[in-house]
Amino acid sequence: MIDVIVAGGGPTGLMLASELRLHGVHALVLERDAEPTRIVRALGLHARSIEVLDQRGMLEPFLALGQKYAVGGFFAGISKPWPGRLDTAHPYTLGIPQTTTDRLLAEHATEAGVEIRRGCELVGLSQDEDGVTVELADGTRLRSRYLAGCDGGRSTVRKLLGVGFPGEPAKHETLLGEMEVTEDPAAIAAIVAEVRKTQLRFGVVPLGDGVNRLVVPAAGVAEDRAVPPTLEEFKQQLRATAGTDFGAHSPRWLSRFGDATRLAESYRNGRVLLAGDAAHIHPPVGGQGLNLGLQDAFNLGWKLAAEVSGWAPDGLLDSYQAERRPVAADVLDNTRAQMELMSLEPGPQAARRLVSQLMDFEDVNRYLIEKITAIGIRYDFGEGPQLLGRRLRDVGLKRGRLYELMHGGRGLLLDQTGRLSVAGWSDRVDHVVDVSEELDGPAALLRPDGHVAWIGEDQQELLSALPRWFGAAVS
Ligand SMILES: Cc1cc2nc3c(=O)[nH]c(=O)nc-3n(C[C@H](O)[C@H](O)[C@H](O)COP(=O)(O)OP(=O)(O)OC[C@H]3O[C@@H](n4cnc5c(N)ncnc54)[C@H](O)[C@@H]3O)c2cc1C
């Protein structure tokens with residue numbers, strides 16, 4: 001019996017499997033595609049995802065291959081400077097193609113002991129009291145204690161479970177591809193500037209070596225978006241939109257994407273969980289989907305591991321949906337708002353001007369950036385100090401940095417009093433006695449995902465907070 005089967009080896013599934021391995025859980029990733037895709041969807045990581053990678057000691061290769069941008073413009077493309085005093089040690093966006101992100105996550109997962117089986121498509125599942133039986137396209141059957149559906153927006157797992165996916169269907173479709181062009185770069189830039197005055201779903205970005213990333217509206221909405229456009233269809237749309245196809249040729253890859261917005265009705269059905277695009281889809285404005293999926297995995301990993309290991313308190317696994325579904329609902333809403341603000345109709349344009357003026361107030365600008373970067377998230381842990389439920393930024397300690405102490409994925413008590421104890425939980429929670437000028441409180445109990453579960457200095461209070469997240473004490 002495998003502990004956890006993860007269906008889908010995209011960023012969400014790979015991150016989840018790595019998190020499970022930190023706790024010794026046997027994780028098997030089943031990926032339908034025999035080879036990694038060449039299609040580059042996401043182009044970057046936001047602050048919270050960068051923090052997540054840092055918390056697990058995974059950030060270095062991403063920084064080495066990515067490019068830091070301290071730019072605004074992530075809310076509906078409204079260009080404003082980043083607000084000052086952002087509550088993060090990583091106040092930048094990391095430009096990095098999704099194909100690189102996927103590769104680095106797969107390498108990390110493999111090093112952590114995750115088995116990734118490519119060319120394995122999940123086509124069936126059934127569950128009982130003890131586990132889940134998964135059926136693959138070649139007829140193989142596998143059995144696991146839990147199954148995580150991280151199999152993307154058209155999730156087979158979600159459909160097999162019969163979980164509803166309500167929302168709005170795609171109204172627009174956009175073609176995306178990388179190809180060479182014969183047109184001179186200066187002429188292309190002039191045409192792009194002109195066309196974008198009335199069509200924001202159009203762009204040509206040079207990638208070097210004569211290759212460009214082109215985006216253009218499709219003629220309609222395809223019945224099967226998994227079928228890529230032909231080069232001829234792409235050129236036809238370029239001519240229809242810009243009056244020229246720039247002499248496009250030699251495509252590296254071509255794809256299409258829509259603007260459907262949907263949220264799974266439930267993230268859990270018995271022993272099966274959904275995460276990433278399998279649980280939520282929305283237009284790519286603000287560059288949030290991959291980030292959201294990584295953070296779903298970061299929330300789910302330690303909880304599922306606790307369940308498999310047998311120490312999960314009642315309700316811990318269900319807190320995954322309780323915490324993450326509202327976050328996704330909020331992202332869906334901000335993408336809906338951004339799409340409205342990007343319409344060229346007079347009403348939305350007036351609203352855009354107003355939002356742009358409001359963003360000149362630094363608090364408004366910061367509020368929106370905290371949304372897009374996900375550093376403003378506060379889970380509902382009940383009444384308490386402002387930090388309760390928020391993730392703690394990477395604060396400096398006398399002995400170094402907080403995040404350096406969180407690579408193992410365990411809970412952590414950061415104790416500035418030196419008088420507290422986690423006896424009974426020391427197999428699950430590290431006790432760090434140190435001081436930080438950046439921590440607003442005598443001591444903080446952090447969950448493995450860095451969210452603040454308790455703040456205070458009273459041992460009795462701590463003793464009632466520990467079981468809620470880390471289960472019963474052991475002697
Ligand atoms: C044009 C575009 C631009 C984007 N830009 C950004 C951006 O800048 N920032 C950002 O954060 N997000 C962006 N996104 C969104 C981002 O690409 C997705 O949110 C992200 O890939 C979701 O990751 P995932 O692992 O949940 O799903 P996926 O990446 O879709 O991975 C799912 C995996 O499951 C596999 N699979 C599917 N079915 C099965 C099955 N039955 N059995 C086994 N395996 C299966 C698939 O082959 C795939 O590898 C963009 C999306 C698009 C379309």
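Quick note: residue numbers are just sequence positions, from 1. Start at 1 and go down the list; that is how both ligands and their atoms are numbered.
At a heavy-atom distance under 4.0 Å, no atom of D102 approaches ligand 1. By the criterion of a heavy-atom distance under 4.0 Å, neither the backbone nor the side chain of S155 is placed next to ligand 1. At a heavy-atom cutoff of 4.0 Å, ligand 1 is contacted by the side chain of T156 but not by its backbone. In P11, the parts holding a heavy atom less than 4.0 Å from any atom of ligand 1 are both the side chain and the backbone. With a 4.0 Å cut-off on non-hydrogen atoms, C150 touches ligand 1 through its backbone and not its side chain.
Where the criterion is an N or O separation shorter than 3.5 Å, residue side chain and backbone included, E31 meets it with respect to ligand 1. Between R213 and ligand 1, a contact under 3.5 Å exists for no N or O pair. For the pair L290 and ligand 1, the shortest N or O to N or O distance falls below 3.5 Å. By the 3.5 Å distance cut-off applied to N or O atoms, G153 is not counted among the residues near ligand 1. The N/O atoms of F257, backbone and side chain alike, include none that comes under 3.5 Å of an N/O atom in ligand 1. Between G13 and ligand 1, not a single N/O pair is under 3.5 Å apart.
Heavy-atom separations between G293 and ligand 1 are all 4.0 Å or longer. At a 4.0 Å cut-off, at least one heavy atom of C120 sits close enough to ligand 1 to count as contact.
Under a 4.0 Å criterion applied to the non-hydrogen atoms of G276, ligand 1 contributes the atoms 26 (O). Numbered from 1 in the order shown, with element, the atoms of ligand 1 that lie under 4.0 Å from a heavy atom of D33 read 47 (O). Of all the atoms in ligand 1, the ones that sit under 4.0 Å from a non-hydrogen atom of L176 are 1 (C). Here is the list of ligand 1 atoms found below 4.0 Å of a heavy atom in Q288: 9 (N), 10 (C), 11 (O). For ligand 1, the atoms sitting less than 4.0 Å from at least one non-hydrogen atom of G152 are 27 (O), 30 (O), 32 (C), numbered in the order shown with element in parentheses.
Remark: E232 CD is packed, more than 12 non-hydrogen atoms of other residues, nucleotides or ligands lying under 6.0 Å away.
Summary of contacts: the protein heavy atom closest to atom 28 (P) of ligand 1 is R41 NH2, 3.4 Å. Scanning the protein heavy atoms around atom 41 (N) of ligand 1, the nearest turns out to be L122 O, 3.0 Å. The nearest heavy-atom contact from the protein to atom 17 (O) of ligand 1 is Q98 OE1, 2.8 Å. In terms of protein heavy atoms, atom 8 (O) of ligand 1 is closest to L43 N, 3.2 Å.
Comparing D277, V40, N291 against atom 19 (O) of ligand 1, the shortest heavy-atom distance belongs to D277. Across the listed options A275, G9, G287, G287 owns the non-hydrogen atom lying nearest to atom 9 (N) of ligand 1.
Across V157, T12, L147, a single residue satisfies side-chain contact (heavy atoms from CB on, under 4.5 Å) together with L274, and that is V157. Checked options Y379, F298, W302; the residue passing with H451 is Y379 (criterion: ring pair (Phe, Tyr, Trp, His ring centres under 6.0 Å)).
Taking the ring centre of Y92 as origin, the terminal cationic atom of K68 falls inside the region bounded by 6.0 Å and 45° from the ring axis. Stacking of R196 on the aromatic ring of F202 is not recorded, the 6.0 Å distance cut-off and the 45° axial limit not both being met.
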